[in-house]
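Here is the structure we will look at.
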Amino acid sequence: HARDILLGARFELDLYVNYRPVRCLDDRLVPLKGKSRRDVDLVVFRENTEGLYVNIGGRFKAGTEDEIAVQEEVNTWKGVHRIIRHAFEFAQATGRSRVCMADKSNALTHGHALWQRVFREVSADYPLIEARHLFVDALAMFMIRDPAQFDVIVTNNLFGDIVTDIGAELQGGLGMAASANLHPGRTSLFEPVHGS
């Protein structure tokens, strides 16, 4: 039911930007030793209408020992380009100097090669913004080690879902996390993360 409502709205309204600010409001909420709220102030942009959430796939011989399950990840040039462009535009407009794109192109060689190419092309249009690439597992580690090194993170639907859980914990827990589903210039949808 919730999946149909939330994902249905995202897809039907083409709310391709999932904007998740990660900003701690009080030092007492930061769970990291030696870190303060000044260290937790970043933004994650998650591509919101593609990836594994499009529900392409199926199961064969379900419920048996021979069960096969396939889930397809969808990445289009249009989808990847517009979320990466949005991340750079946001950084430029808000005075943030770094954009980090996270993928898993060392393992997901086809779909994430597209992310790599588009990130290189778009970042060339913003020479004053530092463009950095990390594999998503390294990003997760570095977010815990030193979240202050990040200004803007852009990634795909699944990875954005996961790294914003880390972000929520850095700012005090899921109850502190906010989310906006946007299509700039159109109707938007705002929600607490994970129904918190």
Side-chain angles (χ1 to χ4, degrees), residues 17-48 50-53 73 75 80 83-109 111-120 122-124 126-180 191-196:
V17 175
N18 186 241
Y19 166 63
R20 292 192 173 179
V22 179
R23 183 169 180 241
C24 190
L25 302 176
D26 191 289
D27 290 345
R28 294 172 295 173
L29 298 174
V30 180
L32 303 177
K33 183 178 179 181
K35 302 294 183 185
S36 72
R37 69 178 186 268
R38 289 178 298 283
D39 298 302
V40 182
D41 185 9
L42 60 110
V43 173
V44 177
F45 286 107
R46 165 188 175 189
E47 197 295 315
N48 212 23
E50 296 185 354
L52 287 166
Y53 291 74
E73 181 186 41
N75 299 282
V80 172
I83 193 64
I84 290 174
R85 174 79 59 192
H86 187 86
F88 276 96
E89 286 290 318
F90 176 88
Q92 182 174 280
T94 59
R96 292 176 180 260
S97 61
R98 300 167 293 193
V99 173
C100 177
M101 190 272 290
D103 67 14
K104 194 65 177 161
S105 56
N106 58 336
L108 304 173
T109 56
H112 294 197
L114 175 61
W115 280 83
Q116 289 277 333
R117 179 175 64 85
V118 172
F119 186 68
R120 282 192 306 272
V122 172
S123 66
Y126 302 87
L128 300 179
I129 297 175
E130 176 190 330
R132 178 183 185 191
H133 165 263
L134 287 173
F135 296 132
V136 70
D137 42 354
L139 171 67
M141 177 182 66
F142 290 136
M143 284 179 72
I144 298 301
R145 183 177 291 170
D146 180 20
Q149 67 185 288
F150 299 104
D151 284 335
V152 176
I153 296 168
V154 62
T155 191
N156 70 16
N157 210 335
L158 177 63
F159 297 159
D161 194 7
I162 295 166
V163 300
T164 56
D165 283 2
I166 296 170
E169 284 302 308
L170 292 174
Q171 69 186 102
L174 283 180
M176 302 300 294
S179 180
E191 59 173 321
V193 174
H194 301 298
S196 58

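Just so it is clear, the values below take in all heavy atoms, side chains as well, and ignore hydrogens, waters and symmetry mates.
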Of all residues at least two apart in sequence or in a different chain, which pass the ring-ring contact (aromatic ring centres under 6.0 Å, His included) check with Y19? F45, F90
Test of understanding: with ring-ring contact (aromatic ring centres under 6.0 Å, His included), list the residues that count as partners of F150, not counting sequence neighbours. none
Between V99 and A87, the two heavy atoms sitting closest are CG2-O, 4.1 Å
Test side chain to side chain contact (heavy atoms under 4.5 Å, CB included) applied to Y126 and E89, step by step: CA-CA 9 Å; Y126 302 87; E89 286 290 318; 2.4 Å; yes
Any residue meeting side-chain hydrogen bond (donor to acceptor under 3.5 Å, both in side chains) with D39, in chain and number order, not counting sequence neighbours: none
Exactly one of N18, N48, V44 clears side chain to side chain contact (heavy atoms under 4.5 Å, CB included) with S179, and that residue is N18
Strictly distance-based, threshold 3.5 Å: is any side-chain N or O of T109 a donor or acceptor partner for the main-chain N or O of S105? no
Rounded to the nearest 0.5 Å, what separation is found between the CE atom of M143 and the CG atom of L134? 11.0 Å
Is the shortest side-chain N to carboxylate O distance from R20 to D165 below 4.0 Å? no
What I'd like to find out is whether the side chain of M101 reaches to under 4.5 Å of the side chain of Q116, using heavy atoms alone. yes
Which residues satisfy the salt bridge (Lys or Arg N to Asp or Glu O under 4.0 Å) test with R38, sequence neighbours excluded? none
Who pairs with R85 by salt bridge (Lys or Arg N to Asp or Glu O under 4.0 Å), at least two apart in sequence or on another chain? D125
Do you know the tightest heavy-atom contact between A168 and A177? CB-CB, 3.8 Å
First locate atom CZ of F159, then atom CZ of R46, and finally report the distance between them rounded to the nearest 0.5 Å. 12.0 Å
Q171 (side chain) donor-acceptor with V30 (main chain) under 3.5 angstrom: no
Looking at every heavy atom in both N157 and Y53, which two are closest together, and how far apart are they? CG-CD1, 3.4 Å
Output yes when a side-chain donor or acceptor of E47 lies under 3.5 Å from a complementary backbone atom of E50, and no otherwise. yes
In sequence, state the C-alpha distance, the side-chain angles, and the governing distance for D41 and R96, and then conclude on side chain to side chain contact (heavy atoms under 4.5 Å, CB included). CA-CA 11 Å; D41 185 9; R96 292 176 180 260; 3.1 Å; yes
Heavy-atom pair with the smallest gap, counting every atom of C24 and L29: SG-CB, 3.8 Å
Can you find a pair of side-chain heavy atoms, one from V22 and one from V43, that are under 4.5 Å apart? no
Working note: D151 + S97, criterion side chain to side chain contact (heavy atoms under 4.5 Å, CB included); need CA distance, chi angles, decisive distance, verdict. CA-CA 7 Å; D151 284 335; S97 61; 3.5 Å; yes
Between CZ of F135 and CE of M141, what distance do you get to the nearest 0.5 Å? 12.0 Å
Residues K35, D146; criterion salt bridge (charged side-chain N to carboxylate O under 4.0 Å, His left out); working and verdict: CA-CA 9 Å; K35 302 294 183 185; D146 180 20; 3.8 Å; yes
Between H112 and N75, is any side-chain donor less than 3.5 angstrom from a side-chain acceptor? no
To the nearest 0.5 Å, tell me how far K104 NZ sits from E73 CD. 13.0 Å
For a quick test of reading the model, state the closest non-hydrogen atom pair linking L32 to I144 and the distance between them. CD1-O, 3.3 Å
If you define the side chain from C-beta out and look only at heavy atoms, does anything of L42 sit under 4.5 Å from V152? no
With sequence neighbours excluded, what pairs up with F142 under the ring-ring contact (aromatic ring centres under 6.0 Å, His included) test? none
Any chance you could measure S123, atom OG, to R132, atom CZ, to the nearest 0.5 Å? 14.5 Å
First locate atom CZ of R37, then atom CG of L170, and finally report the distance between them rounded to the nearest 0.5 Å. 15.5 Å
T155 and D103: side chain to side chain contact (heavy atoms under 4.5 Å, CB included), yes or no, with the steps? CA-CA 6 Å; T155 191; D103 67 14; 5.7 Å; no
